[in-house]
Trainee: 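Mind having a look at this structure? Questions to follow.
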Amino acid sequence: HFVKFFGTEDHAWIKVEQLKPYHPHKEEMIKINKGKRFQQAVDAVEDFLKKKEKQGGKEQPVRDDPHFHHFLLSQTEKVRGKDTRSTSIQAADSTAINGSITPTDKRIGFLGLGLMGSGIVSNLLKMGHVVTVWNRTVEKCDLFIQEGARLGRTPAEVVSMCDITFSCVSDPKAARDLVLGPSGVLQGIRPGKCYVEMSTVDPETITELSQVISSRGGRFLEAPVAGSQQVSNEGMLVILAAGDRTVYEDCSSCFQAMGKTSFFLGEVGNAARMMLILNMVQGSFMATIAEGLTLAQATGQSQHTFLDILSQGQMASTFVDQKCQNILQGNFKPDYYLKHIQKDLRLAISMGDTANHPTPMAAAANEVYKRAKALDQSDNDMSAVYRAYIH
């Protein structure tokens with residue numbers, strides 16, 4: 001059936017066997033899905049049922065929806081004409097439309113269960129993918145084994161067992177070591193094996209990894225993600241991919257499970273460049289917000305009022321609100337490690353040097369994050385850059 005979903009403007013073709021009656025499965029689904037979008041969907045269903053009850057339970061004719069019919073027509077034309085021109089895959093919120101994703105029958109491997117990787121793996125499992133996991137500290141695998149994942153003893157073993165292996169680690173050195181080190185990815189690569197690098201690293205590292213994977217007959221895709229731990233847990237990441245287009249297409253159900261949208265950016269290195277630019281902007285912005293909060297305090301202005309005014313203006317966003325609220329509460333639990341945003345700033349500045357392009361704002365922000373690291377804030381959230389201004 002072609003389905004329009006409660007709570008969203010999403011549409012999808014759904015196999016009959018994947019459709020479930022609402023009432024018998026309601027509580028079970030609410031326990032599994034904690035995302036905001038899923039709760040909005042439930043609220044919309046409940047509103048619909050209340051209106052129906054007021055009408056005496058009588059079936060009302062469904063109001064004609066021209067937008068839905070236009071979308072249905074466009075999808076039918078795509079099926080007939082096999083339209084594959086789009087360079088991006090728009091993926092609906094997987095928690096809001098649980099059951100609409102048909103998981104790939106390919107065996108999935110995942111290396112690295114940090115802040116981002118943990119949420120990604122959890123969503124892959126929820127959507128029915130067969131996943132084998134590995135992490136440097138094996139204890140982190142236990143929770144996912146309980147959720148149905150399989151355990152790989154080494155990166156090489158995971159790659160040899162799986163069709164597509166994803167990795168998400170902290171920095172270029174960790175990414176290289178994972179591939180080139182003892183019992184590393186490269187030892188498990190055989191012709192046709194797919195390797196997807198999700199770590200945020202520099203274009204040079206990505207190019208090197210692509211070359212060594214390809215030299216063994218492997219297929220390579222880079223796919224760094226924009227988001228945070230919370231966004232990862234909610235399955236709402238933005239995926240930037242580049243490299244082998246056929247691998248990108250093979251990863252479609254995985255990307256739908258972990259993200260709200262994905263973009264294919266062409267040749268290897270383009271996703272790394274775009275990701276560093278995005279994180280450079282985010283890191284610089286966070287440092288500026290921290291600077292504004294502390295300047296308000298230093299000049300006798302209320303930080304709370306500053307935030308209230310900010311939230312009513314053009315710069316209002318969930319990011320600003322959450323980060324500022326956490327700062328004012330002294331809560332620096334990591335959602336995106338400070339040491340990682342500083343690494344991204346450093347790599348972006350280096351990329352600017354290579355392109356002979358000035359990055360003075362990023363350079364200034366980088367110095368503030370380095371100061372925060374010297375104050376032992378590396379393993380706190382990026383918003384802990386605030387502390388660089390008050391010490």
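Any value given below was found using the heavy atoms of this structure, including those in side chains, with hydrogens, waters and symmetry copies removed.
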Trainee: Less than 4.0 Å between a side-chain N and a carboxylate O, is that true for Glu249 and Arg245?
Mentor: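 Yes, Arg245 and Glu249 are salt-bridged.
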Trainee: Do NZ/NE/NH1/NH2 and the carboxylate oxygens of Lys26 and Glu46 come within less than 4.0 Å?
Mentor: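 Salt bridge between Lys26 and Glu46, a charged N being under 4.0 Å from a carboxylate O: yes.
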Trainee: Please list, chain by chain and in numerical order, all residues satisfying salt bridge (charged side-chain N to carboxylate O under 4.0 Å, His left out) with Asp379, sequence neighbours excluded.
Mentor: Lys339
Trainee: Going by side chain to side chain contact (heavy atoms under 4.5 Å, CB included), Thr165 matches just one of Ile189, Thr132, Leu111. Which one?
Mentor: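 Single side chain to side chain contact (heavy atoms under 4.5 Å, CB included) partner of Thr165 among Ile189, Thr132, Leu111: Leu111.
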Trainee: With sequence neighbours excluded, tell me which residues meet salt bridge (charged side-chain N to carboxylate O under 4.0 Å, His left out) with Asp250.
Mentor: Arg219
Trainee: Can you tell me how far apart CZ (Phe264) and CD1 (Ile239) are? Round to the nearest 0.5 Å.
Mentor: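 The CZ atom of Phe264 sits 14.0 Å away from the CD1 atom of Ile239.
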Trainee: When you measure from the side chain of Thr205 to the backbone N and O of Val201, does any donor-acceptor pair fall under 3.5 Å?
Mentor: no
Trainee: I need the minimum non-hydrogen distance between Ala388 and Leu375, along with the two atoms involved.
Mentor: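 So the minimum-distance heavy-atom pair works out to CA-CD1, 3.9 Å.
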Trainee: Check the pair Met275, Ile206 against side chain to side chain contact (heavy atoms under 4.5 Å, CB included), reporting the backbone distance first and the verdict last.
Mentor: CA-CA 12 Å; Met275 191 74 252; Ile206 281 294; over 6 Å; no
Trainee: Check salt bridge (charged side-chain N to carboxylate O under 4.0 Å, His left out) between Arg107 and all other residues, then give those that pass, not counting sequence neighbours.
Mentor: Asp163
Trainee: Would you say the side chain of Asp381 lies within less than 4.5 Å of the side chain of Tyr337, judging by non-hydrogen atoms?
Mentor: no
Trainee: I want to check something: taking the side chain as every heavy atom from C-beta on, are Arg371 and Tyr389 in contact at a cut-off of under 4.5 Å?
Mentor: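 When only atoms from C-beta onward are counted, Tyr389 and Arg371 do not touch, as no gap falls below 4.5 Å.
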Trainee: Would Asp177 and Lys173 count as a salt bridge (charged side-chain N to carboxylate O under 4.0 Å, His left out) here? Give the steps.
Mentor: CA-CA 6 Å; Asp177 289 347; Lys173 182 181 183 303; 2.7 Å; yes
Trainee: For the residue pair Tyr195 and Phe220, does the interplanar ring angle fall in the parallel (under 30°), tilted (30 to 60°) or perpendicular (over 60°) class?
Mentor: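 Tilted.
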Trainee: Would you say the side chain of Leu345 lies within less than 4.5 Å of the side chain of Asn279, judging by non-hydrogen atoms?
Mentor: no
Trainee: Is any side-chain heavy atom of Ser199 closer than 4.5 Å to one of Asp171?
Mentor: no
